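Single-structure report; data block below.
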Amino acid sequence: MSKKGETLLGGRKRQQLKNKLTSTDSELNMKNFFLTPGPSELYPTVEDHVRTALRTGIASISHRSSDFKKIFAEAKENLKLLLDLPDGFDVVFLGSANEIWERSLQNLVEKQSAHFVNGAFSEGYAKFAKQLRKKTFIVKTQEGNGFELSEGEIPEDCEFIALTANETSTGVMLPSANLSVIRRRFPNAIVSVDAVSILPCYETDFTVADTIFFSVQKAFGLPAGLGVWIFNEKCLQKAEKMQAEGHQIGTFHALPELAKRAKDHQTPETPNVLAVYLLAKVAGDMLRYGKERMMREQTYKANLLYHTLEKSSFLTPLVKNEKFRSPTVVVAECERAKDFIEKFAALHHVRVGSGYGNYKDKHIRIANFPAASKERIEMFCDCIEGFEF
Ligand SMILES: *Cc1c(COP(=O)(O)O)cnc(C)c1O
């Protein structure tokens with residue numbers, strides 16, 4: 001996919017590069033390819049879209065103009081197609097996934113929320129609920145483990161269940177098929193799915209998920225600074241009811257206000273127009289590339305990465321149960337993570353992510369997003385196999 005910077009080199013070329021590195025690093029002032037789990041490598045078409053946007057003045061147009069409304073509509077339409085959103089779901093734009101954690105809790109939870117926690121991001125959502133004084137129920141499992149969703153003591157009448165489709169800190173996926181379990185247990189609850197580091201590479205069960213959200217700097221391969229919140233009628237009704245009953249659900253980014261503006265392809269505030277434009281374009285590019293093809297390649301690349309870790313003498317997959325292994329964020333235990341990351345970047349100009357939080361020097365995290373072509377991942381795996389400390 002990417003034309004520039006094919007910097008993963010094999011055999012003799014690698015040796016030449018090694019020799020060169022020993023003379024002077026600055027001779028090779030090359031940009032790294034970012035296999036980091038967010039921000040990450042940009043999708044290969046972003047550069048051209050940024051140029052077009054600058055040339056045509058996208059960043060200067062009024063957000064009340066018909067030109068902006070067209071961009072908003074295009075972004076929404078392309079996302080609906082790419083994510084297979086059924087009728088009855090709407091899309092609005094906010095600042096980040098952190099913001100959507102907060103807004104979803106403010107707008108959709110009167111008293112109680114339940115959270116399935118298996119790492120730093122699912123924990124973050126639960127922490128926001130506590131800070132907003134909700135009564136929170138937490139079902140916890142060890143980092144590296146996944147959820148069947150049949151476990152955990154949660155009151156039957158719990159209003160809101162928070163799930164994480166892809167726990168980015170540990171590389172654990174929630175299989176979409178498991179969602180139906182939660183619906184059977186809690187027929188009336190609002191089910192919220194944080195899908196930040198896996199959309200668009202996730203087949204969401206929209207008969208269960210009432211709201212799902214992501215930010216764009218992960219699997220979409222866009223510059224950070226935009227959160228996308230998808231919700232159904234049930235969410236909107238709940239927020240309206242809470243508002244009518246006098247609950248504090250926020251101001252400009254309260255869901256009813258966002259939804260009202262979105263009907264007219266508008267945002268309440270002056271939005272990041274460039275970011276919405278880039279999302280519209282890249283979602284369109286992904287549609288043209290083909291969702292099925294993208295998903296097939298995703299699976300192929302993930303299998304290759306896990307296979308490489310299993311063979312490696314210094315890397316071990318953190319997630320043991322294959323069914324919970326994330327296809328987009330691949331995490332490995334590594335005793336010398338810091339050394340590996342630095343040396344690998346110096347040799348191959350590819351930067352992988354360090355472990356999250358306490359695991360900074362114990363894990364590495366590899367972003368296997370659509371921006372990395374299958375040739376890129378194949379070469380990456382070759383270089384892992386040939387790597388020596
Ligand atoms: C990165 C991430 C977030 C936070 O995203 P921001 O855009 O930084 O707010 C939330 N949840 C998950 C699963 C993530 O990977």
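Everything numeric in this text was worked out from a predicted model, so none of it was measured. In listed order, ligands and their atoms are each counted from 1.
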Which ligand 1 atoms, with their elements, are less than 4.0 angstrom from a heavy-atom of [X]?
{"X": "Ser96", "result": "7 (O), 9 (O)"}
{"X": "Thr168", "result": "12 (C), 13 (C), 14 (C), 15 (O)"}
{"X": "Asn166", "result": "13 (C)"}

Requested in this report: For residues Phe344 and Phe380, establish whether the separation of their ring centroids is below 6.0 Å.
Outcome: yes
Query raised in the report: Do Lys218 and Phe121 meet the cation-pi criteria used here (NZ or CZ under 6.0 Å from the six-membered ring centre, within 45° of the axis)?
Result: yes
Region of [X] that comes within reach of ligand 1 [heavy atoms, distance under 4.0 Å]:
{"X": "Asp194", "answer": "side chain"}
{"X": "Trp101", "answer": "side chain"}
{"X": "Gln217", "answer": "side chain"}
{"X": "Lys218", "answer": "side chain"}

Lys/Arg-Asp/Glu bridge criterion (N-O < 4.0 Å) met for [X], [Y]:
{"X": "Lys234", "Y": "Asp210", "result": "yes"}
{"X": "Glu151", "Y": "Lys140", "result": "no"}
{"X": "Glu110", "Y": "Lys134", "result": "no"}

Query raised in the report: To which protein heavy atom is atom 7 (O) of ligand 1 closest, and what is the distance rounded to 0.1 Å?
Result: Ser215 OG, 2.8 Å
**Report entry** N/O donor-acceptor pair under 3.5 Å between Arg365 side chain and Ser354 backbone
**Finding:** yes
**Report entry** Pairing residues for Phe72 by the ring pair (Phe, Tyr, Trp, His ring centres under 6.0 Å) criterion, not counting sequence neighbours
**Finding:** Phe93, His265
Query raised in the report: Is there at least one pair of N or O atoms, one from Phe121 and one from ligand 1, spaced under 3.5 Å apart?
Result: no
